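In what follows, a single structure is set out as C-alpha cells and then discussed.
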Amino acid sequence: MENKEIARILNETADLMEISGEDGFRIRSYRNGATAVEGYPERIESILADPEKKVTDIPGIGKGLAFVLDEVTTRGSCERRDQLLQQYPPTALEFLKIQGLGPKSIRTIFEHYRISTMDELERLAQEQRLRELPRMGAKLEEKVLRSIARYRSSVGRFLLSFAQQMAGELETYLKEVPGVEVVTAAGSLRRGKETVGDLDLLVTGRPESGFSEAAVLDRFVKFPRVNEVLGHGENKASAKVGHEGLQVDVRALPRESYGAALQYFTGSKEHNVAIRQRAVRMGYKLNEYGLFRVDGDSLVASLREEDVYEALGLDWITPEMRENLGEIELAAEHRLPRLVELSQIRGDLHMHTRETDGRATLEEMAEAAAALGYEYVAITDHSKALAMANGLDETRVVAFAAQVRGLAGKLPVRVFSGLECDILRDGAMDIAGDALAELDFVVASVHSHMNLEPAEMTDRLLRAIECPQVRALGHPTGRILLQRDGYQYDFERVVEAAVARGVWLEINASPERLDLDPARLRAAKARGARFVISTDAHHPKHLAHMRLGVTVARRAWLGPEDIVNTLPAEQFAAVLERG
DNA sequence: GCCGTTTTCGGCCCGACTGTTTTCAGTCG
C-alpha cells in the first residue's frame with residue numbers, strides 16, 4: 001500500500017472521529033500522522049516489514065499510530081475506523097464536502113434524521129427540515145442546496161495532476177508487457193485541461209517483438225488498483241481505477257494507425273469536427289484509423305500525428321491548443337504562436353516556508369529550486385491576517401528582508417525577499433507600506449471575505465493594485481477546482497488597472513487552483529497584461545507543479561514574452577528595481 | 001494520540017465571521 005493511501009485512510013478516520021465528537025487533540029494527532037506518512041520518502045510498508053527499522057522514529061508517529069499503521073497496511077482499515085463506519089454511513093464523509101456543514105452539524109443531522117444519501121440530504125434542505133434542528137436556519141439550507149449542486153457537477157471529474165499521476169503509473173505498468181512500445185494518454189489529459197473526466201490510454205507495440213493487443217488488455221484489467229472492470233473486448237478495455245473511481249479506457253492499436261488514433265482520441269470534439277470538415281473539403285475522410293482519399297479509399301496518413309496534419313496542409317498543432325479557437329486557421333497559414341515551455345522558466349515567485357505554513361526551510365526551498373535548474377526564487381510567506389498560518393507581522397517582515405540580504409551569494413539560487421500579503425476586506429494591505437518597502441517582491445492575495453458583492457470585491461482589488469509595493473496579484477480568482485468557484489468581480493476593470501500599474505497576474509500552478517484559467521488569461525493578455533507562473537509551494541516537492549502552470553499558460557496561447565519569470569535573474573532583478 | 005520531560009502528565013494554534021441566537025456554537029482558513 002502506498003503511503004498516500006495510508007494517509008488517506010488516516011485522514012478519513014480523523015473525519016469520522018470529528019463527526020463522532022472525539023477529543024480534538026487526538027484527531028489532530030491522526031491528521032499530523034497522515035501528513036507525516038504522506039510526506040515520508042520511504043514506504044511505510046517496508047519500514048514495518050524491516051525489523052531494523054521503527055515507524056515510531058518518524059516524527060508524529062508514536063506507539064498508538066504505529067499499531068494503526070500496522071492494521072491499515074495489512075487489512076486496509078483499523079479498528080476505530082471500522083467502529084465509526086458501523087455508527088455512520090460512508091456518505092457522512094461526503095457530507096463534509098458540503099460547504100456550511102461541518103462535523104458537528106452532520107452529527108446533529110444523523111441524530112435527528114435517518115438519512116444516508118446526498119439525495120436525502122438535499123430533500124431535507126428542500127423541505128425546510130434542516131431549520132428545525134438547533135442552530136440551523138434558512139440561510140444554511142440555501143447554502144447546502146447550492147453546495148450540493150456544485151458537488152454534483154464535480155462528481156466524476158478529477159484534477160489534472162491526479163489523472164497524470166495515474167497515467168504515469170499505468171504507463172510504467174503496461175510497458176512491462178512484451179513488445180509494448182508506446183503508452184500515451186490522449187483526451188483532455190493530453191490537452192492539459194484543468195480537470196478531466198476519464199483517462200484514455202493508447203498502447204501500441206512491435207508485433208515482431210511479441211506485441212499482442214490481448215496481452216495488453218489482460219494485463220490492464222489485472223492492474224492492482226482496478227476496482228471494477230466495465231468492459232474487456234479485443235481492442236479496448238475499461239475499468240474504474242483507485243478508490244476514487246477514475247474511469248480508464250485502454251485501447252490497444254496497431255502501430256500503423258497510431259498517429260491517426262492519437263489525433264482522434266486527443267480531441268477536443270470541436271477541434272476534430274473542424275479538422276474533419278477540412279479533410280472532407282480536401283477530398284479526404286479522417287477517422288481513428290487514418291486519413292483516406294474519398295475516391296479509391298487509399299490511405300494517405302496514419303502512422304504519425306504530424307503526418308495527418310501535414311497531409312491536411314497544417315502545421316502540427318500542440319494538444320493544448322486543440323479547442324477550435326482559431327488554431328486551425330493559424331496552422332494553415334503557418335503562423336502558430338510560439339508557446340512558453342517549462343525549460344524557459346527561470347524562477348519561482350511564490351512559496352512558503354516553516355516561518356508560516358510551509359514544511360521546509362528557506363535553504364531547503366532554495367536547494368530544491370536549484371535542483372530544478374532555476375536561477376532564482378522569491379520566498380513569499382503569509383502575512384499576519386492568516387493567523388492560523390502564523391503569518392508575518394511588520395517586525396518579522398523587516399527581519400526577514402534583512403535576513404535575505406545577509407544571505408546574498410550564500411545560496412545555490414538568488415533569493416528575493418517576498419511576501420504573500422493578504423488583501424484585507426477594504427482592499428488595504430495587511431502589512432504597513434514601510435515594512436513592505438523593505439522587500440523585493442510582494443504578491444497580494446485574497447484569503448478572506450470571498451463572498452463580497454461583485455462591486456465591493458472589484459473596489460477591493462482595485463485598491464490593492466494601487467498599493468505601490470504590490471507587484472503581482474496572487475491566485476486572482478480564488479477558485480478551488482471541483483470545490484469552490486472564484487470570487488465575483490469585474491475582471492476587465494481589474495486587469496486594466498493591473499496593466500496600468502504594472503502589476504502582474506499570477507498563474508498559480510498548485511494543482512487544485514490553476515488560477516487564472518485559460519479563458520481569463522486570454523482576455524487579460526488581450527488587454528496587455530503580463531503574468532508570472534508560480535507554484536505556491538508549501539513543500540520542496542511542490543515546486544514541480546510548475547509544469548501544470550505552464551500547461552495552463554500554453555492553453556491560453558501565452559509565449560515566453562508574456563511570462564515575467566522567463567527572464568534571467570539579472571533582468572528580473574532589474575525589472576523589480578524599476579518599481 | 002504525540003511529545004517532552006520539571007519522567008508520567010500537561011500542553012498541543014486560533015481569529016474572524018456567519019447565522020443563529022439573544023450570548024455563542026460551528027465553520028473556515
Side-chain angles (χ1 to χ4, degrees), chain A residues 7 9-11 13-37 40 54-72 78-81 84 95-111 125 128 130-147 352 354-358 381-393 420 422-426 430 445-453 456 474-475 478-480 483-484 487 510 512-513 536 538:
Chain A
I9 293 171
L10 290 181
N11 268 320
T13 310
D15 285 344
L16 289 163
M17 287 161 72
E18 278 200 291
I19 293 171
S20 134
E22 292 189 33
D23 173 61
F25 292 113
R26 177 175 295 171
I27 293 165
R28 191 194 296 165
S29 293
Y30 271 74
R31 295 207 192 279
N32 284 343
T35 313
V37 164
Y40 205 70
K54 296 199 297 266
V55 279
T56 47
D57 287 341
I58 305 171
I61 306 297
K63 266 176 83 177
L65 282 179
F67 184 76
V68 170
L69 287 179
D70 198 41
E71 275 193 287
V72 168
C78 57
E79 203 183 325
R80 167 160 271 118
R81 179 171 174 275
L84 290 163
F95 289 176
L96 276 175
K97 295 178 186 164
I98 301 304
Q99 267 153 11
L101 291 189
K104 299 279 164 55
S105 312
I106 291 170
R107 181 194 171 105
T108 308
I109 292 171
F110 281 131
E111 277 170 1
Q128 310 193 339
L130 284 184
R131 65 181 70 175
E132 292 166 16
L133 302 182
R135 299 207 150 269
M136 297 190 196
K139 286 266 176 70
L140 181 77
E141 284 172 346
E142 274 173 44
K143 192 171 183 179
V144 164
L145 286 173
R146 274 200 310 277
S147 187
H352 300 269
R354 280 194 197 147
E355 279 299 308
T356 60
D357 58 353
D381 270 309
H382 287 292
S383 62
K384 62 181 188 287
L386 245 57
M388 101 187 246
N390 187 27
L392 275 59
D393 60 11
E420 183 183 20
D422 258 54
I423 301 172
L424 303 180
R425 179 178 180 141
D426 62 358
D430 183 32
S445 302
V446 165
H447 291 116
S448 59
H449 306 104
M450 299 184 204
N451 293 320
L452 299 186
E453 288 301 315
E456 201 181 348
H475 42 76
R479 73 166 177 179
I480 303 290
Q483 286 180 42
R484 182 177 82 200
Y487 16 89
S510 82
E512 63 277 7
R513 287 192 186 271
D536 203 350
H538 286 68

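This one's a predicted model, so the numbers in the text were calculated from it and none came from an experiment. Reminder, nothing fancy here: chain letters follow the sequence lines and each chain counts from 1.
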Quiz item: Closest nucleotide of DNA chain B for A/Ala387 versus for A/Thr108: which of these residues is on the 5' side?
Solution: A/Ala387
Self-check item: Atom pair CG/NZ of A/Asn451 and A/Lys143 - distance to nearest 0.5 Å
Solution: 7.0 Å
Quiz prompt | Qualifying residue for side-chain hydrogen bond (donor to acceptor under 3.5 Å, both in side chains) with A/Asp422, from A/Lys384, A/His382, A/His447 | solution = A/His447
Practice problem: Return no unless some side-chain N or O of A/Ser29 is found under 4.0 Å from OP1 or OP2 of B/dC12. | Solution: no
Quiz item: Quick one: is B/dG1 close enough that its OP1 or OP2 comes under 4.0 Å of any side-chain N or O from A/Arg80?
Solution: yes
Quiz item: Does B/dT8 fall in syn (glycosidic angle within 90° of 0) or anti?
Solution: syn
Quiz prompt | Gap between atoms CG and C1', on A/Leu133 and B/dA25 respectively (whole Å) | solution = 15 Å
Quiz prompt | Watson-Crick or G-U counterpart of B/dT8, or none if no pair lies under 3.5 Å | solution = none
Quiz prompt | Under 3.5 Å donor-acceptor, A/Glu141 side chain and A/Arg131 backbone | solution = yes
Practice problem: Name the closest nucleotide to the A/Arg28 side chain, picking from B/dC2, B/dT20, B/dC12. | Solution: B/dC12
Self-check item: A/Phe25 side-chain proximity, nearest of B/dT27, B/dG1, B/dG19
Solution: B/dG1
Quiz prompt | Below 4.0 Å: OP1/OP2 of B/dG1 and any side-chain N or O of A/Arg26 | solution = yes
Practice problem: Measure from CG on A/Asp23 to C1' on B/dC2 and round the result to the nearest Å. | Solution: 12 Å
Quiz item: In Å, rounded to the nearest 0.5 Å, how long is the span from CD of A/Gln483 to CD of A/Gln99?
Solution: 8.0 Å
Exercise. Would you kindly give the CG-to-P distance between A/Asn451 and B/dA16, to the nearest whole Å?
Key: 19 Å
Practice problem: Between A/Leu101 and A/His449, just flag the one whose closest nucleotide in DNA chain B comes earlier from the 5' side. | Solution: A/His449
Exercise. Side chain of A/His447 only, please: which of B/dG29, B/dC24, B/dC2 is the nearest?
Key: B/dG29
Quiz item: Can you check the A/Gln99 CD to B/dT18 P distance for me, whole Å?
Solution: 14 Å
